[in-house]
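Take a look at the structure set out below.
Numbering starts at 1 and runs along the sequence shown.
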Amino acid sequence: MEHEMADTLVQMKDSLSQMLIQNQNVADTLAGTRPTLYEKFMSAMHGLDQIDVHMGGNGGMLALNIVLAIVMFGVALGIKPKTFIDIFKNPRSVIIGMVCQLILLPAMTFLLTITFKSILTPMISLGMILVAACPGGNISNFITSLSKGNSELSVSLTAINTALCVFTTPLNFSFWGSMYIRFADKRIPDLPELYIPLGDIFTTIFILLGIPLVLGILCNYYLPKLTKALKKPMQYISIIFFIGMVVIAFVGNFDAFMKCIAFIFLIVLVHNLTALGIGFGLSTLLKTPFRDRRTITIETGIQNSGLGLALLLNPKIFDPTVWANNGGMLVIVAWWGVWHIISGLALALLWKYNGRKVNREED
């Protein structure tokens, strides 16, 4: 009996040892094949470039262009002809805001793409550069007003940057994008050549932004009552239109987009914080009034990514036979348009709350 029990115990011990060895082998195998966070990140980044985004042919593109034109018309309703005269009377804050948006933001974006070259794909990097090359976003005036910033300065910056973007957007994207392509081509050969059809971009921006800008200013001047009735609703309509436009563009790639949303969120968050930091940092360094600092910060941190989408989805500008795998650019530009609304509103509410708190303490 004792011998049988001893044999049984020996067998149990051997079986347990084999199980432990098998479990260790499985663990070792899993440790070797389980993707790390970095590998997941890189897989998601390269997967983004395969996303195919389209607006349903010519009809979809026409709808997108009409939405952008309506949004720009709504922004222009807050611009008066004397706005351009006021710029020359007190140009200091306007010049600081323009330097932040037209020079420092594209330059810093280029440096970001170079700094994080090991984790950012070329298409994502070019998407970031395109966002930085666009003029200020259509809701910056609304958010400036909400944050108790300098609304006159916000309108001035919007007016002059929108008027200049016919030239500054293609030139900035061409210059910094070409710089990045030359740098990235050393690591990743076979990148498409960054050919920018300046004529097509000029025409597109002039139609989408230039004409609505002029019509909005004329409406403000000749039809002030109608302008007053339309101005506030147009601010909310522009936000709803843009979010709807992004949803429609990506509805066919929802699963792929959701797999990458955490990584896209992180990239756009860092880029947007950089933009906000540029505006606030330079305006603080140069000791502008605090209301002007708020405005310059918001104007630098909110970009017209809707224009970026319109340019990317225009086959005359980005030929789909050449730029077939540019999903990373599209996703970055589209998510920027959603995120800067959230960050802008959060910053405005924070400043508004702090302003009330200071006023209560002074009372």
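Taking the side chain as every heavy atom from C-beta outward, Leu126 and Leu130 never approach each other to under 4.5 Å. By the 4.5 Å heavy-atom criterion applied to side chains, Ile181 and Pro122 are not counted as neighbours. At least one side-chain heavy atom of Leu77 sits under 4.5 Å from a side-chain heavy atom of Phe73. In this structure, the side chains of Val99 and Leu104 come closer than 4.5 Å at one or more pairs of heavy atoms. Looking only at side-chain heavy atoms (C-beta outward), Cys165 and Thr168 come within less than 4.5 Å of each other. Looking at heavy atoms from C-beta onward, Thr203 lies out of side-chain contact with Phe206 at the 4.5 angstrom threshold.
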Check the pair Met98 / Leu164 against side chain to side chain contact (heavy atoms under 4.5 Å, CB included), numbers first and verdict last. CA-CA 10 Å; Met98 290 175 60; Leu164 289 176; 3.7 Å; yes
Stepwise side chain to side chain contact (heavy atoms under 4.5 Å, CB included) test for Trp336 and His271: CA-CA 9 Å; Trp336 239 97; His271 193 197; 3.0 Å; yes
Stepwise, does the side chain to side chain contact (heavy atoms under 4.5 Å, CB included) test hold for Leu153 with Ile296? CA-CA 8 Å; Leu153 174 61; Ile296 293 171; 4.2 Å; yes
Intermediate values then yes/no, side chain to side chain contact (heavy atoms under 4.5 Å, CB included), Leu311 and Thr169: CA-CA 10 Å; Leu311 296 176; Thr169 294; 4.2 Å; yes
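If you take CG on Leu345 and CG on Leu146, they are separated by 6.5 Å, rounding to the nearest 0.5 Å. Atom CG of Leu157 is separated from atom CD1 of Ile96 by 10.0 Å, given to the nearest 0.5 angstrom. Annotation: the span from Asn172 atom CG to Leu105 atom CG amounts to 9.0 Å, rounded to 0.5 Å. For the atom pair CG (Leu269) and OG (Ser343), the distance works out to 8.5 Å, reported to the nearest 0.5 Å. The distance from the CG atom of Leu230 to the NZ atom of Lys225 is 14.5 Å, given to the nearest 0.5 Å. The CH2 atom of Trp176 sits 11.5 Å away from the OG atom of Ser178 when rounded to the nearest 0.5 Å.
For the residue pair Thr295 / Asn150, no side-chain donor-acceptor distance below 3.5 Å is found, with atom types taken as modelled. Side-chain contact, Asn220 with Thr227: no donor N or O sits under 3.5 Å from an acceptor N or O. With no hydrogens or angles considered, no side-chain donor-acceptor pair links Ser305 and His340 at under 3.5 Å. Side-chain polar atoms of Glu299 and Ser140 form a donor-acceptor pair below 3.5 angstrom.
Nearest heavy atoms, Ile298 versus Ile143: CD1-CG2, 3.8 Å. What you find for Gln101 and Pro106 is that their closest heavy atoms are O-CD, 3.4 Å. Pairing each heavy atom of Trp335 with each of Phe265, the nearest pair is NE1-CA, 3.7 Å. Residue Gly279 comes nearest to Thr297 through the heavy atom pair C-OG1, 3.8 Å, listed as atom of the first residue, atom of the second, then distance. Shortest non-hydrogen contact noted between Leu282 and Cys100 is CD2-SG, 3.5 Å. Of all non-hydrogen atoms in Pro170 and Ile205, the two that sit nearest each other are CD-CD1, 4.1 Å.
For Ser147 (side chain) and Thr144 (main-chain N/O), a donor-acceptor pair under 3.5 Å exists by modelled atom type. The main-chain N or O of Phe110 is found under 3.5 Å from a side-chain atom of Thr113 such that the two form a donor-acceptor pair. With Arg294 contributing its side chain and Gly149 its backbone, the two residues share no donor-acceptor pair below 3.5 Å. Distance alone, capped at 3.5 Å, is enough to place a donor-acceptor pair between the Gln303 side chain and the Val131 backbone. Listed for the Thr109 side chain is no donor-acceptor partner under 3.5 Å among the backbone atoms of Met128. Of the possible donor and acceptor atoms, none in the side chain of Ser145 sits under 3.5 Å from a partner among the backbone N and O of Asn141. Of the possible donor and acceptor atoms, none in the side chain of Asp292 sits under 3.5 Å from a partner among the backbone N and O of Thr288.
By the side chain to side chain donor-acceptor pair (under 3.5 Å) test, Ser125 is found to be paired with Tyr180, residues two or more places apart in sequence or in another chain being considered. Under the rule for a side chain to side chain donor-acceptor pair (under 3.5 Å), Ser151 has no partner lying at least two apart in sequence or in another chain.
The hydrophobic cluster containing Ile207 does not contain Leu309, counting ILVMFWY residues as joined when their side-chain heavy atoms lie under 4.5 angstrom apart, directly or transitively. Hydrophobic clustering places Ile119 together with Ile114 (ILVMFWY residues linked when any side-chain heavy atoms are closer than 4.5 Å, directly or through intermediates). Side-chain heavy atoms closer than 4.5 Å link hydrophobic residues (I, L, V, M, F, W, Y) into clusters, and following such links, possibly through other members, connects Ile129 to Phe167.
Using the six-membered ring where Trp is involved, Trp351 and Phe290 have ring planes that are perpendicular, over 60° apart on the 30 and 60° scheme.
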